[in-house]
**Student:** 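Input: one structure, supplied below.
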There are 2 protein chains.
Amino acid sequence: MSDAKSKIMQAASKLFLEGGYKALSVRAIAREAGVSTIGIYSHFDGKQGILDALYIEGFAQVEATCALPDGVTDRDAAIETVVRQYLRSVQAHEAHYRLIFGEQSPDFSPSEDARKAGAQAFARLLERSAEFLPDHSADEVRNAALEIWALIHGFVSLRQHVTALKTQSTDWEDQVVRAVRIHVAALDQTRS
Amino acid sequence: MSDAKSKIMQAASKLFLEGGYKALSVRAIAREAGVSTIGIYSHFDGKQGILDALYIEGFAQVEATCALPDGVTDRDAAIETVVRQYLRSVQAHEAHYRLIFGEQSPDFSPSEDARKAGAQAFARLLERSAEFLPDHSADEVRNAALEIWALIHGFVSLRQHVTALKTQSTDWEDQVVRAVRIHVAALDQTRS
DNA sequence: GCCTGATCATAACAGTGTTATACAAATGTC
DNA sequence: GACATTTGTATAACACTGTTATGATCAGGC
C-alpha cells in the first residue's frame, strides 16, 4: 500500500470512528489525509471504495467476536463470551456496525470482496454453533447459527432504533445472553 | 389537511414506494406533487418532516401485522400468522421498513411523535405475547415480546445485508416461524 | 379595509460526490 | 540518457442535494 493510500485509509477510519458516517465526506477525508480529493479516486474507487474498505473492517470486527479465549468449554459460558464480545464490539465500532447493516449510507453497494466478509463472519459463527450443538446435522447447525445471529443482531438493532425498548445496559446484555442460551438449549432438545 | 399538503404527502409516498429513499429528493417530491419546493418547508418541516410522516407510516405497518384475524386461538397458529404477516409487510413496504431501522437515511432523526409510533407497535406485540404466555408476569411477557421481535427483525435484517445467508424464500419464512415457535415454547417452560 | 400570518415561486446558498483539465512524477523501452 | 507511456496530483467545474432568502400573493380576523 502506497503512502498516500495508507494516509487516506487512516484518515477515513479516524473520521468514521469519531464522527460516524456523516463525518465521511470526500473533502474531509482528503483534508485529514493531507492530500487532494483526487487521491480518493485514484487509490480507491471514490467514496464507494472507502466505504467498501470500512465495510470489510466492520465484518472483520464481527468475525473476531466469534473467537473464544482458551479454556472456555462450557456451552453456556461460551455463549455468554461470544454474546458479550459481540455487544462490546458493536459499542466500540458503532459506525462500522451501522455500515454493514446498511444504515445511513444511501448509494453504497458493497463489492464482491466486501460481501465475502459477511460470509466469512458467518462461517466463524457456524464453527461456534457446531460446538454448541455437537450432535446435530450440518443443516441444523447452519439454522442454529442463523438464529443465534438473528437474536443478537435483532436485539442490537431494536435497541438502536426503537427508543421505547431502552433499558439498563447490563439488564439488556444479560437478557441477550439469556435469550441465546434458552434458544440454543431448546434447539438442542429439538432433534429431527 | 390542506390540498397542497395532501398532494405532497401522496407524492412522497408514491416516490418512496416505487424508488425507495433515493427517489425522495425535495425537488422530486415537489415536481411529483405539482408544487414548488417551498411547500415541503411550509407544510412539513422540510425533508425531515416528510421522513417523519413516512416513519410513522412504517411503524403503523408493523403494528398492523400484530393484529390477528378472528378465529386464530392456537398459539402456534397465531405465531405463524403474525410472523408471516410481518414478513409480508416488510416485503410490501421495504422502503418504510428500512427507514424505521435507520437505513440509508443520514441526518434523519425521528420526532417525538414518530418515536411514539415505535412504542405503539411494541405495545401491540406485547398484547400478542401476553396471549402466547398467559401465565407469565408482566416482566416476562415484556422480555418475550422483545425476544420475538428481535428474532423476526434479526432475520429480516440479516437477509437484507448478509448475502451469504440468502436461501429460498419459503424455506426462510418457515425457519422464522419455527424459530419463534421454539423460542416461545422454551420461554413458556422457563418460569421464574 | 387593514393587519398579520401563512403560503407560494424563484433564486441563491453551502454542501455533496464526481469528472475534467493541465501538469508533474514515476516507470518502461530503446 | 532520451523519449514515451503510465500513474498520480492540484484545482476547478459540474450536477445534484437540502435549505434559506426574497418578494409577492392569499386567507383570515378584527
Side-chain angles (χ1 to χ4, degrees), chain A residues 1-56 95 98-99 102-111 114, chain B residues 1-56 95 98-99 102-111 114:
Chain A
M1 197 185 287
S2 70
D3 191 45
K5 184 169 185 179
S6 163
K7 275 190 196 165
I8 290 167
M9 197 60 229
Q10 278 166 35
S13 291
K14 179 172 184 273
L15 290 171
F16 201 48
L17 213 55
E18 289 171 1
Y21 184 84
K22 280 170 54 185
L24 214 50
S25 74
V26 169
R27 288 169 176 85
I29 297 168
R31 197 181 311 124
E32 179 72 30
V35 300
S36 63
T37 60
I38 192 63
I40 313 269
Y41 295 89
S42 49
H43 294 287
F44 298 86
D45 186 26
K47 177 124 183 218
Q48 291 288 309
I50 296 287
L51 292 174
D52 230 46
L54 293 169
Y55 184 100
I56 291 167
R98 287 178 185 274
L99 178 63
E103 296 191 30
Q104 297 176 8
S105 45
D107 287 338
F108 173 60
S109 184
S111 68
Chain B
M1 197 183 288
S2 70
D3 191 45
K5 185 169 185 180
S6 164
K7 276 190 195 164
I8 289 168
M9 198 60 230
Q10 278 166 36
S13 291
K14 181 172 182 273
L15 289 171
F16 201 48
L17 212 55
E18 288 170 1
Y21 184 85
K22 281 169 56 187
L24 215 49
S25 73
V26 168
R27 289 170 176 82
I29 298 170
R31 197 182 309 124
E32 178 72 32
V35 301
S36 64
T37 61
I38 192 65
I40 313 273
Y41 295 90
S42 48
H43 294 286
F44 298 86
D45 185 26
K47 177 125 181 216
Q48 292 288 306
I50 296 286
L51 293 174
D52 230 48
L54 293 169
Y55 183 99
I56 290 167
R98 288 179 186 273
L99 178 64
E103 295 192 31
Q104 295 177 8
S105 44
D107 286 339
F108 173 60
S109 185
S111 68

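Sequence lines set the chain letters: A, B, ... in the order given, protein chains first and strands last, and positions in each chain run from 1. Given the structure is predicted, the values throughout are model-derived calculations rather than measurements.
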**Student:** B:Leu51 near the nucleic acid: base, sugar-phosphate alone, or nothing, with a heavy-atom cut-off under 4.0 Å?
**Tutor:** nothing
**Student:** Please report, rounded to the nearest Å, how far the P atom of D:dG18 is from the CG atom of B:Asp52.
**Tutor:**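 Computing the B:Asp52:CG to D:dG18:P distance gives 16 Å.
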**Student:** So which one's nearest nucleotide on DNA chain D is more toward 5', B:Arg27 or A:Arg27?
**Tutor:** A:Arg27
**Student:** Between C1' on D:dG8 and NZ on A:Lys7, what's the gap in Å once rounded to a whole number?
**Tutor:**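 In whole Å, D:dG8 C1' lies 13 Å from A:Lys7 NZ.
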**Student:** Compare the minimum distances between each of D:dT11, D:dT19, C:dC8 and the side chain of A:Ser36, then state the nucleotide with the smallest one.
**Tutor:** D:dT11
**Student:** Atom CD1 of A:Ile50 and atom C1' of C:dT18: how far apart are they, to the nearest Å?
**Tutor:**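 Between C1' of C:dT18 and CD1 of A:Ile50: 14 Å.
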**Student:** Does a side-chain N or O of A:His43 approach OP1 or OP2 of D:dT9 to a distance below 4.0 Å, or not?
**Tutor:** yes
**Student:** Starting at CD1 of B:Ile29 and ending at P of D:dT17, how long is that distance when rounded to a whole Å?
**Tutor:**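 The distance from CD1 of B:Ile29 to P of D:dT17 comes to 11 Å, rounded to the nearest Å.
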**Student:** Using whole Å, what does the distance between atom P of nucleotide D:dA13 and atom OH of A:Tyr41 come to?
**Tutor:** 17 Å
**Student:** Figure out the CZ/P separation between B:Arg31 and D:dC16, and round it to whole Å.
**Tutor:**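 Checked: the CZ to P distance equals 10 Å.
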**Student:** Closest-nucleotide mapping onto DNA chain C: is B:Ile8 or A:Gln48 further toward the 5' terminus? I mean the 5' end.
**Tutor:**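 Looking at DNA chain C, the more 5' nearest nucleotide goes with B:Ile8.
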**Student:** Can you identify which nucleotide, out of C:dC8, D:dA12, D:dT9, has its nearest atom closest to the A:Thr37 side chain?
**Tutor:**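 Nearest nucleotide to the side chain: D:dA12.
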**Student:** So do the side chains of A:Lys14 and A:Ile29 get within less than 4.5 Å of each other, counting heavy atoms only?
**Tutor:**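 No, every pair of side-chain atoms sits at 4.5 Å or beyond.
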**Student:** Report yes or no: does A:Glu32 contribute a side-chain atom to a donor-acceptor pair with the main-chain N or O of A:Ala12 at less than 3.5 Å?
**Tutor:**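 No, the answer is negative, given that no donor and acceptor are paired below the 3.5 Å cut-off.
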**Student:** Distance from A:Ser105 atom OG to A:Leu24 atom CG, nearest 0.5 Å?
**Tutor:**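 Interatomic distance, A:Ser105 OG to A:Leu24 CG, rounded to 0.5 Å: 10.5 Å.
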**Student:** Determine: side-chain N/O of A:Ser25 to OP1/OP2 of C:dT16, distance under 4.0 Å, yes or no.
**Tutor:**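 The answer is yes; a side-chain N or O of A:Ser25 sits under 4.0 Å from OP1 or OP2.
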**Student:** Can you tell me if the side-chain N/O atoms of B:Ser42 get under 4.0 Å from OP1 or OP2 in C:dT7?
**Tutor:** no
**Student:** Considering only side-chain heavy atoms of B:Val26, which listed nucleotide, D:dA21, D:dT19, D:dA10, is closest?
**Tutor:**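 Within the option list, the nearest is D:dT19.
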**Student:** Would you mind reading off the distance between A:Lys47 atom NZ and C:dT18 atom P, rounded to a whole angstrom?
**Tutor:** 8 Å
**Student:** Does some side-chain heavy atom of A:Gln104 sit less than 4.5 Å from a side-chain heavy atom of B:Phe108?
**Tutor:** no
**Student:** Heavy atoms under 4.0 Å, any strand shown: does B:Leu24 hit a base, just sugar-phosphate, or nothing?
**Tutor:**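 If one applies the 4.0 Å heavy-atom cut-off, B:Leu24 turns out to touch the sugar-phosphate alone, with no base involved.
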**Student:** Treating B:Ser13 as the side-chain partner and B:Ala11 as the backbone partner, does any N or O pair qualify as donor plus acceptor under 3.5 Å?
**Tutor:**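 Judged by distance alone, no pair lies under 3.5 Å.
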**Student:** Quick one: B:Tyr21 OH to D:dG18 P, roughly how many Å, whole number?
**Tutor:**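 From B:Tyr21 OH to D:dG18 P: 7 Å.
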